[in-house]
Each structure stands twice: as structure tokens, then as C-alpha cells.
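Below: one structure, written as C-alpha cells.
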Protein chains: 2
Amino acid sequence: MKLTTTTTLAATAATAAAYQLDTTLPPPSNLSTLPNNTLFNVWRPRAHILPAKGQIGDPCAHYTDPATGLFHVGFLHDNEGIAGATTANMATFTDTSSNGSFLIQPGGKNDPVAVFDGSVIPSGVNNTPTLLYTSVSFLPIHWSIPYTRGSETQSLAVARDGGRRFEKIAQGPVIPDHPFALDVTAFRDPFVFRSARLDALLAAEGNETAAQLAQAAWTEKGTPWYAAISGGVHESGPSQFLYRQNEGNASDFQYWEYLGEWWHEPTNSTWGPNDEGTWAGRWGFNFETGNVLFLTEEGHDPKTGEVFVTLGTEGSNAPVKPQVSSIHDMLWAAGEVGVDGTDGKLHFTPTMAGYLDWGFSAYAAAGKVLPATSAVSKNSGVDFDRFVAFIWLTGDQYEQADGFPKYAQGWTGSLLLPRELKVQTIENVVDNDLVREEGVSWVVGESDNTTATLRTLGITIARETKAALLGNSSAVEEEDRTLRTAAVVPFQQSPASKFFVLTAQLEFPASARTSNIQSGFEILASELESTTVYYQFSNESLVVDRSNTSAAAPTNPGLDSFTESGKLRLFDVVEDGREKVETLDLTIVVDNSIVEVYANGRFALSTWARSWYDNSTQIRFFHNGEGEVQFKNVAVTEGLYNAWPERE
Amino acid sequence: MKLTTTTTLAATAATAAAYQLDTTLPPPSNLSTLPNNTLFNVWRPRAHILPAKGQIGDPCAHYTDPATGLFHVGFLHDNEGIAGATTANMATFTDTSSNGSFLIQPGGKNDPVAVFDGSVIPSGVNNTPTLLYTSVSFLPIHWSIPYTRGSETQSLAVARDGGRRFEKIAQGPVIPDHPFALDVTAFRDPFVFRSARLDALLAAEGNETAAQLAQAAWTEKGTPWYAAISGGVHESGPSQFLYRQNEGNASDFQYWEYLGEWWHEPTNSTWGPNDEGTWAGRWGFNFETGNVLFLTEEGHDPKTGEVFVTLGTEGSNAPVKPQVSSIHDMLWAAGEVGVDGTDGKLHFTPTMAGYLDWGFSAYAAAGKVLPATSAVSKNSGVDFDRFVAFIWLTGDQYEQADGFPKYAQGWTGSLLLPRELKVQTIENVVDNDLVREEGVSWVVGESDNTTATLRTLGITIARETKAALLGNSSAVEEEDRTLRTAAVVPFQQSPASKFFVLTAQLEFPASARTSNIQSGFEILASELESTTVYYQFSNESLVVDRSNTSAAAPTNPGLDSFTESGKLRLFDVVEDGREKVETLDLTIVVDNSIVEVYANGRFALSTWARSWYDNSTQIRFFHNGEGEVQFKNVAVTEGLYNAWPERE
């Protein structure tokens, strides 16, 4: 795909032949009045997962088909159902449902009005991939309004035609009601998983409830599946409801035993002190799309892995408006799991929590175990299981963008690049106040009182995806550069397009901690536009300043231009026996309008940067405030790859 | 209404004007080929509850409207929903749903394919009569085939327009699934009731489960409603599933807590020894239409009353054919109720059981408390609560009648006359082997070893209904008569029509017990037809011999002609210090083709007797075998009443 300077609009209307877009000239004042698809290619990414046209919603229904080894990625599409694609390399994808077809759509007895997110048991009913999904009977549903009983139930559908569609089983829901007499805020997005760790906890001797659950017969049938269902309780707070496949009906996945609200937080509370939500936003009013992961330093192991959850939280600034979630936090948490002696039930208690992505538009992550036996792993030679997460990047601020030109663009939203999640350890960290804070996104492991090892969630672009991003052309390197005063310095060689990966390392002196410096890059820059990505110590944030991103934004408020930022602490570390500020290690992927900022293996912030002008492709060093920064190992790899080689 | 000798068929077809029926001549050989409605009036009853036209199914959804005092009787109609009528006197009725309208019909989200039986909470949601009914999503459903998960759920609908219709609450079912992981044979016909007796049992100290249930707050909200749901478990047997309204959501009747399978019997087992089912048929493979009653010697008292159930049991002769119940037993049971120390749950254990009606076609009884405050009771001066049962009399052998002329007749089936149920005590019974049998339909109360008091279910025509039946004309009495040899003796004055009540008492000497005598009446008799109702000691049965009932039967097998019989033991009793055989006290209601035989306040057998000829109105004394019978107090009241004065 090549970004054209002149896009001929699709011939869809009477005005079809009349208008030609020129992105070398100033933009029209109201983009939403343009003919359909006029803007189709202007901001279209090429290496990302999104449907051929139309809207994308939550990712869901991923699995590796045991029969083919192919990984299937799915997503809500056009509010009409779930569509999907397959991949053997986590880079290029083949639509499984094309020509307007869907994997599954609403309209059955269980789901007369909608189909929400589901997840897949790869060897389910009759050893066929089986979707456990939220079947919806009544709308509206929102945490801010009373819940209509029976709005959301969980039903089964079985893959047909190699996963091109899921056939609903002709029966009622397998989880036909939320937990008894709970006034829920939601009850959706079932995430299925297995866990020898949970099996063992529930089977622990002396635990009566657990003993009932730990049926010996499981050993012959493999291990049970669990389902975590997201939601919350009115006047109480958000929850994750835990279910476990009933042994007596293991083969048909018919019954799921309720194990309790294994995770519950008070309404709109936060992780950490002072109700600030500094490191992990707010738990909000309702949980969505909760995943349960068992991560090791390498990948995923449901027996030995540490228990993590990823989740979306729905919140609101005051005053709450009915049916509006003004806040969507894309979070993760890790914690202790144990059977409570008083109620005999399994409970998850967070020990650290953070953002899986700090971007306003990033939400609704849904991941899946990517087994060593998958085609992806075999092709890349990875011989262990991993957990790969897919995150939604809403294109129109959760349909709340004012005047977003969705018809003129012809598509809305995208998924972010596939991400591997694992446990990240940070070694040789000076054991000082920076480390010993409450309510943060890391835990302190071993410490000799001088240095400590920290543990947090590792977030990186999936290795196959990253290899593909960097593999299409050789990197262009910029010379290392030290800036001591405020400056904006253009790269010696900027990319010619808006498709590239920028990697860099920034070193700061200890004095930077108390400085007002801001250091980073201007990207997608030209005389009239630029987007600034920088780190500042004043609030330990990585910032994406979009105030000058797009010439079209001032008259098109739907093209959001507010500043994005996320919290990243650069610790004091000991390197070669010397104490220093941790290096800021940046990877910035620019895929036309999508900007993903990764840092230090544990930070991600993704957003839209909808530059208008063709020539807004420059990159510049950016430094502000008083103090020094050293840029090292700066490289740009241009081109990316076309994730959809089979599309016309 | 007057039975016409010539019925002009309804003008519904091309043949409309061409055919005239003459019931003074022999019947056509195949009635089912007659034009629609040709037979409409031939066998139509006048004092019974049935729709203006079409089919009637299970009675259900009865209640006394607190706002009007009117009693509402409901019934399945044309397999299309529930229709109904109101009454202020238990004799004459006004259609609530006329012109083809229904109280409720299928087609909603909860009941896309069918609406089955429900029962009514008179002051339910917003203090309005509220129907808890079985909402059906999948068919077929039958105990002989695998059960499709979610086929039957229980939903709410609220009375509108004074009970002319029930509006479904726009939400999912309130009982959205059968008990967890049970492979049920059915899960339907919820019967709602209150019971201070069950409340007290569940609140009993030291019972943990019960303690949870016995929320103190109930005292402020009145007492909880229970729901008994009928069905069974594959490979295990029929059951009654007990639920109780959840206190936390009392006002909206939203949640119903499962209290367990409070009654379960092994598959196709019987009450009593030797697997004979002598006194109470078979428990069969599945329970239907279970009601729970708290009866006293007077009427109904949910605090002090003895616990009774009425229920239909679905069975089959061997070999079982898929989707066929060849046996439908209309039974009752009474028993002990208590909380089991081992499982902490409430259990019902029968102590006696019997037939509510012995007729092959009588089934699916649904009753309701008739409060002293109802218009019916006020009008008749009854100042205590009663329980009135309505029983279905299928017109076509549960749709299995071979060639039943349903279109030619234009209607199919009826309800039987309203029946009051209560505890019947039989005093001064000689305490001999006749009393001391296992597995019978009575229990022995106090005994001085010479005489005992027995207790059983009292079954009589509702007093207001009976008064109306007898009130339209004065009775014609036959002289007492003793027959010592086989004889058929016409009444001195037989009725001129097929609408009458025959009452009589028959006295037998002790020697009759070992005799082969058969004593009773021929009714609906003429030269060519007669139906014989008699008692015989050889098997202690009341028999209705229909082999000569109808001149139309030989060529129309759909007009069933098999012999009906029911078991009635005449005890030895002490009267005026003298031991004697209990008097047989008969009330036989003939409402054209419907014959209801009541005996001794504890026996009922109803059936069809479709005499053909106009002049088959004779009654004759009938005596057969060797021995003596004395007929006393024989009286005939002719005319009955028109239960539907407002119908055209």
C-alpha cells in the first residue's frame, strides 16, 4: 500500500465524481461533510489489524486451531457481530470472514439483539474450537443505569468451515444468569482459561468447597476450564466473577459452576493511596474484558506462572451522566491467589497494578495463550507458550468524538500491534524511596538493602511482529547526540513516509530528576504540523503532545488533539558498579495515524496522530528545559509491512 | 341451551348448506369427514368450563383478583396460549379473553415457541396479579427424549385491563435454568403458594440452610412465596423442585432460591407394595402440574393444614415409544414435611396417595386457594379459605385418539367441575385388615383397636357449583329398591335430556364382599345405547362400562369406548353400635357427554360418554351377580345450568 496524495473518492453518491482530496493543501473545514470514503487512505495504517472497511470494536475470540496451527484473531465489527482473520506469523493476516460475512452475528434465541465478546476453547465441543460468548437479549446495558435482568447470558457456538463461522448450539445459554440475586452492572466478556495452579488451590486438603470442586475424574479428562466474567455490582463496585467447568458434564461444556466474585473492588476506588490512581488509574464502576494470565519471565505457564489479569475499567468524571463512560482505563494487575479460610472461596488480591496501555483510546484488551505448537511459534522457533494480547484503539473516542468523519473515512478504529506479556524483572535497582512506594506497578523482590530486583508486567511488541516491522528495510541510524539546552533538531535523514519504527535510548544525569527537562522527538513533523513524544521527570511521564499534530484538528474536534501521557518511573540502577538513572529505552511505531510508544519493556502508550500534510514526515530531536539529555542508538526503519497482502 | 335434534352446520365451507345431522338416525360411519362444526352441539356440555370453540388444555393461572373479588380461571387454549374467564359464583363464567384473544401468548424473547402453564400471585409486582409461567424456547420436550438445555424457563407477566391480558415483563426469565447440572426430563408448571408452615420449618433453630432462608425482614413484607416446579431427572425419576422467593428482592419477585428436589421418586415406581400402583397408579417418568396444598377438615390453611400435593404423572406401558406418554395419572399425595438433618433441606415424604380422578382423560389439575374474601365465598357465605381444583378432561386422548372428529365437532375437551379439596375423616371404621393395608390412599388416625378414624383426601364438587347444579329444578325421586338377582330396571321417571345429576345411596350386606355382584345404574340409555356405572366388590372398583355407550363408537375409534374404573374401598363401619359395610354414596353428574362419578366424598372418576341417539336419556337400576343391594335416596335433578350465559 502506498499513501497517495490524491485520493479519488468511492463512487457512492451523487457527488461521487465531483470531489478530489489534496493533502498538500489545507484541509477542508468540516471533514465529516466529505463524500463517503474520501479520507479512506489518508490515515489508514498498513501493519495493523483492522477490517477491510467499517468499524472495529473489542478484540475477542482468538485461538490457535489445533487442526491447522493457525492463530485466529477476532474482533467486534460494525456493531453487527464478530469478524476475524488468521495468521501464521503474527504479521500478515488472512480474513476468515470477508465479503461482509461474520464469524457470528446476533439474532438467535439467546442473542436476539446483540453478540458481545467471547473467548474460545480450542478443543471444545466434539474437540472443535468452541466459543463461549455473551449473548445479549436486552439493551441498553450500562453501569450507570438499572440492569435489566437477563440482558447478558453466556452461550456456546462451535467453529465450522475451519473457523469461518461459529454455529450456535441449538439450546439455551450455558450460563443463563448472573450470580444469584446480585444487582450487577454488567455480566459479560467471558474469558476461558485453564490453570493447574487454580486446580491445585481448589483441591487443597481441608477445603470443603474446594474438595467438591476437585473431582478426581478430571485427571482422566484433562483439566477443567475456568471462565472469568467481567462486570460489577451496583452500589458495591466492579468484579470479576469466576466460573469453572462442571466435571459431570465436561465433554459438552454444558455447566459452569460459580466459584464466587473472586475479585471485587469498591466502587470507583483506586490502586494505591490517596484515591489518586497514580499508577493504575481507577477501578471505576465496572470491569470489562477481564483476562486471567499465568506469566513467567519467559512466557505463560498456568501451573507455575504468576497470576495477572488484564482488564478494562469503565469510569466517569463527576457528575456521572447516564449511559456515558467518560473514562476507559486499560489496566493490568497481578496478585496473590488463595482460598479464603472464612468463605472457602478462591480470591485474587492485587499486589501491583498498572496500565497495559496509557492511551485514552486504548481499551478492551483480549489475549490468548499462543502455544509452542502454533504455526506462529514453530515458524519463529519459539519453543514455549506465550500470552499475546490484542488491544483495541477506538477511532472515535468510544463513539463520543464530536463530528468524527467516520463515513468520509470509511473505517473507524484499529487493533494495536500484538503484544507479548510476561514477567519483567528489573535487576540491580538501587533500593531507595523510588522503589519503596505503596500502590505502584511493581513489587520489590530480593533486596540486599542496597540494590533490589523489581518485578512488573513486561509489555513488548510480539517478537514476530516486531521482527516483521524491522525486517522490510535496513535501519537508518542517526548519530548520538547530547542536548544541554532547549532545542529542536531535525534528523539528518527523516523518513519519506508516515510508516516507520523509531528506536532510541535516552540517558539522563541524576540531576535531571529535579529538573524541568522534556526530552524526546517531534515526529510526523513539517512546517505546519508536528507531534511531540517526550519524557519529563517533573511528573515521571512519557507524553505525546498532539496540540500541533493535525492541521485538520482545529476545525474538526472529532480528531482529538488533547495531550496523552503515561507514568513511567526511571529507577536508579547500578551499572558496572556505578549508580545511574535508568536508560529510557524507546520504541515508537508510527503506522500513518497510529502511534505506539513503548518504553523499557514495561510501558506502552498508543494514540492517534492524524497529521494532514503529505510532507509531515520529519523527525526531530526535541529537548526543552534546563538540563542534559544524551540520545543514543537512534534508528529509523521505514516501510513497515502490509498486514493484509490478500486484500484488494 | 337446548339440545337440538337437527344441527345445521356452520357455514364454513362449500359443503356448508348441503348436510344436516339427524341424531335420531344411525350415525355416519366416519364422523371426522363431516363438515366443520357439524357435531358442535351433539356432545357439548353446558355446565362445564370450556372455551367458546376450539381446544382446551391444562387449566392454570387461576386467582382471585383482590381488586374485584372475582375468581379468574384460566386454561391453555388451541396450543396458542392461555385464555380465561371470571366467576363470582363458581357456576357461571364470563370470558376474559374472547374473540380469539388470549391472556398471554408465545412469541417474546423468553418464550419464542410456546407458553406453558403458570400460576398467579394475586398481589404480585406492584400489587398487581402476576403470572409466573413456563416460557418455552425449544421443542420438542418429552421425558422419553434428551432434554434440550434451556427449553423451559420461568418468567413473569403482569395482569393488565383487569386481567384480560398478562403483559410480559421486559426482561429475562426469573428462573432462567433448571437446577444446576441436572439432566431434567422437564422443568415446568410453576405453582406458587405461601405457607407459614414451611416458613416455620425453614426457620427452625439449628438449621443453617434454613436460617439463611428465614430472613427476619420477611415479617415486614408478609411471608415469602414458594414455587413448586414439576419435572424429573433422566435415569433417576420424577421430581418436584422447590423454590422460594428471595427476601432481598421480595417486591419485584425477581429471584427465587432453589431449595432442592423436595420430592423425588424412583423412575416409574409406585406408591405401595409390589410395584402394582393399586391405589395411586404410577409415579411414572415425569411429574407435571404439581400443586402444593395445606388442607384442613374444613378447607385450606397454610399454617396448620396437612401438606397435600396434586400432580399429573407421565408414564408409559412397555415398550416406551419416543415422545409418547401412554399413561397420564391424575394423582394426589399427602405426607410429612421436614428439614432433613443430613442435607439441611426440606423434604416431602408421602404417607398416603391416591387418584384425584380415576378417569383416563382426567389430568393436569391446577387449583388455587379461594379466600373467604372472594366474591364467590362472600356470595355463598363461606367464611374460611378453601382450595378449589380444576381438572382437564382431554377430549381426544391427549391428541392420541385415532380419528377423533375435532373439526366436525369444533371443540375438544373440557375442564371438569370445580372441586373442593379438604381433609376427609372417616369415623368409626372397624380397625380390621381392610384398614391396615400398606400403600393406600388413607392413613389410620386414632384407634381404640376396635374402631379407628381414617384420614384421606376429600374430593367434592365445589359447594356453589353443586348448589347451582341442583338448584335449577326440583329433584325427581325414585322409590327405594332392593335387588337380589341380576336385573335392569328402568327408572319410573327418567330425564328427558342428557343434562342431570343423579344421586343415590347403595347399601350392601357384609356378604357382598365375597360376592360377584355389580350394582349401579345404566345411564344415557335407550334401546340401542347405554352406559353402565356400577360398583363391584370383586376388585373394590367403581366402573363405567362404555362398551355400549355410543352407536357412533364402533366405526369411530376416536370416540373411546374402553371401560373406565377406579378403586374405592367400602370399609366396615360401626353405625348405631352395629357393624356394617359403609354405604356407597354416589353423585353422578351427566352433562351431555361428560360423566363425573363422585363417591363417598373421596372418590371421583370422570369420562366421556358420547351417546348418539336423542332418546338415550333413560336411567335404569343395574344389578348383576349373586347377592343383594339396596338402593336408597335415589334422585334425579335435570337441567343443570348454562355456565356461559353471556356467550352467543
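Chain identifiers are assigned alphabetically (A, B, ...) following the order of the sequence lines, protein sequences preceding nucleic acid strands; residue numbering begins at 1 within each chain. None of the values given here were measured: they were computed from a predicted structure. All values below come from the heavy atoms of this structure, side chains included, with hydrogens, waters and symmetry mates left out.
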Practice task
Kindly indicate whether the side chain of A:Pro176, heavy atoms from C-beta on, has any atom under 4.5 Å from the side chain of B:Arg149.
Solution key: yes

Problem - Side chain / backbone / both / neither for A:Leu182 at chain B, heavy atoms under 4.5 Å - result: backbone

Exercise for the section: Select all residues of residues 116-129 of chain B having any heavy atom within less than 4.5 Å of some heavy atom of chain A, and report them by number, or 'none'. Expected result: none

Exercise for the section: With rounding to the nearest 0.5 Å, note down the distance linking CG in B:Asp177 to OG1 in A:Thr153. Expected result: 10.5 Å

Exercise for the section: Working to the nearest 0.5 Å, report the span between OG of B:Ser137 and CD of A:Gln171. Expected result: 11.5 Å

Completion exercise
Given A:Val113, A:Val174, A:Thr148, A:Ile169, the one with more heavy-atom pairs under 4.5 angstrom with chain B than any other is A:Val174

Handout entry: Rounded distance [0.5 Å steps], CG in A:Asn110 versus NZ in B:Lys109
Key = 12.5 Å

Practice task
Could you tell me which non-hydrogen atom of B:Phe180 sits nearest to which non-hydrogen atom of A:Tyr255, and how far apart they are?
Solution key: CZ-CB, 3.7 Å

